[in-house]
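Atoms considered below: every heavy atom in the structure, side chains included; atoms not considered: hydrogens, waters and symmetry mates.
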Amino acid sequence: MDKVPVIFIHSGEFQWLREVVEQASKQNNVIVLADEQYADLPNSYSVHEFDKYVKMFDSVYVNLSSNGRWFEFAAFCRWLRLYEFMERN
């Protein structure tokens with residue numbers, strides 16, 4: 001069976017990320033878009049390499065949610081970075 005592509009997009013420090021990537025890599029083709037502290041992981045890219053659309057979106061985004069701006073903005077960032085990654089690859 002072919003390995004399924006799995007993309008983790010992560011910013012910040014969390015203990016579990018390395019373990020999750022290691023486990024997922026056993027049966028999947030894992031790609032990691034994360035901060036530089038995770039550059040040693042296989043198939044990893046700096047998440048900030050994929051900020052083109054994030055910067056464009058940030059210039060026009062107005063948070064209308066009752067949630068904080070960062071919470072909502074981070075969710076959009078994941079999708080925009082994934083889109084840019086897919087465009088390039």
Side-chain angles (χ1 to χ4, degrees):
M1 184 162 104
D2 290 336
K3 291 187 171 192
V4 174
V6 175
I7 300 177
F8 290 98
I9 303 172
H10 181 75
S11 186
E13 175 65 42
F14 288 97
Q15 300 173 7
W16 51 262
L17 182 62
R18 292 183 186 281
E19 289 81 15
V20 168
V21 168
E22 180 182 341
Q23 186 66 32
S25 296
K26 291 180 180 179
Q27 299 202 14
N28 302 290
N29 178 25
V30 173
I31 298 164
V32 179
L33 309 181
D35 294 330
E36 287 73 21
Q37 63 198 359
Y38 298 105
D40 60 310
L41 293 173
N43 293 325
S44 67
Y45 299 83
S46 170
V47 72
H48 302 293
E49 288 180 45
F50 307 98
D51 277 348
K52 180 174 85 174
Y53 297 117
V54 169
K55 289 175 183 174
M56 292 167 54
F57 182 70
D58 189 27
S59 71
V60 297
Y61 176 64
V62 176
N63 184 34
L64 300 177
S65 170
S66 60
N67 293 318
R69 182 185 195 279
W70 172 246
F71 180 81
E72 298 296 340
F73 185 71
F76 285 109
C77 287
R78 282 190 293 273
W79 287 107
L80 295 168
R81 288 175 170 144
L82 176 61
Y83 179 72
E84 186 174 351
F85 175 82
M86 293 172 65
E87 271 189 328
R88 292 195 207 171
N89 294 283

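Taking the ring centroids of Phe57 and Tyr61, they lie under the 6.0 Å cut-off.
Side chain to side chain, Glu72 and Asn67 meet the donor-acceptor criterion of an N or O pair below 3.5 Å.
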Pair Asp40, Arg18 - check side chain to side chain contact (heavy atoms under 4.5 Å, CB included), show working. CA-CA 10 Å; Asp40 60 310; Arg18 292 183 186 281; 3.0 Å; yes
Take Arg81 and Val47 through the test side chain to side chain contact (heavy atoms under 4.5 Å, CB included) and record every step on the way to the result. CA-CA 7 Å; Arg81 288 175 170 144; Val47 72; 3.4 Å; yes
So Phe73 and Asn63, side chain to side chain contact (heavy atoms under 4.5 Å, CB included) or not? Walk me through it. CA-CA 8 Å; Phe73 185 71; Asn63 184 34; over 6 Å; no
Residue pair Asn29, Asn43: steps toward the side chain to side chain contact (heavy atoms under 4.5 Å, CB included) verdict: CA-CA 9 Å; Asn29 178 25; Asn43 293 325; 3.8 Å; yes
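Summarising the local packing, CD of Gln15 is surrounded by 12 or fewer heavy atoms from other residues, nucleotides or ligands at distances under 6.0 Å.
Side-chain heavy atoms closer than 4.5 Å link hydrophobic residues (I, L, V, M, F, W, Y) into clusters, and following such links, possibly through other members, connects Trp70 to Tyr53. Tracing side-chain contacts under 4.5 Å through hydrophobic residues (I, L, V, M, F, W, Y), one never reaches Phe50 starting from Tyr83; they form parts of separate clusters. Tyr45 and Val6 fall into different hydrophobic clusters, where Ile, Leu, Val, Met, Phe, Trp and Tyr side chains are chained together by heavy-atom contacts under 4.5 Å. Following chains of ILVMFWY side-chain contacts shorter than 4.5 Å, one cannot reach Phe85 starting from Phe8, and the two form parts of different hydrophobic clusters. Both Trp79 and Met86 are assigned to one and the same hydrophobic cluster, defined by single-linkage of ILVMFWY side chains at heavy-atom distances under 4.5 Å.
When all heavy atoms of Lys52 and Glu87 are compared, the closest pair comes out as NZ-OE1, 4.4 Å. Closest of all the heavy-atom pairs between Pro42 and Val32 is O-CG2, 4.5 Å. In terms of heavy atoms, His10 sits closest to Gly12 at NE2-O, 3.0 Å. The two residues Val54 and Cys77 make their nearest non-hydrogen contact at CG1-SG, 3.6 Å. Nearest heavy atoms, Arg78 versus Ile9: O-CD1, 3.4 Å. When all heavy atoms of Ser46 and Glu36 are compared, the closest pair comes out as OG-OE2, 2.7 Å.
Asp35 contributes no side-chain N or O that, together with a main-chain N or O of Gln37, makes up a donor-acceptor pair within less than 3.5 Å.
The distance from the CG atom of Leu80 to the CG atom of Asp51 is 10.0 Å, given to the nearest 0.5 Å. Interatomic distance, Ile31 CD1 to Ile7 CD1, rounded to the nearest 0.5 Å: 4.5 Å. The structure places CD of Glu49 at 8.5 Å from CG of Leu33, a figure rounded to the nearest 0.5 Å.
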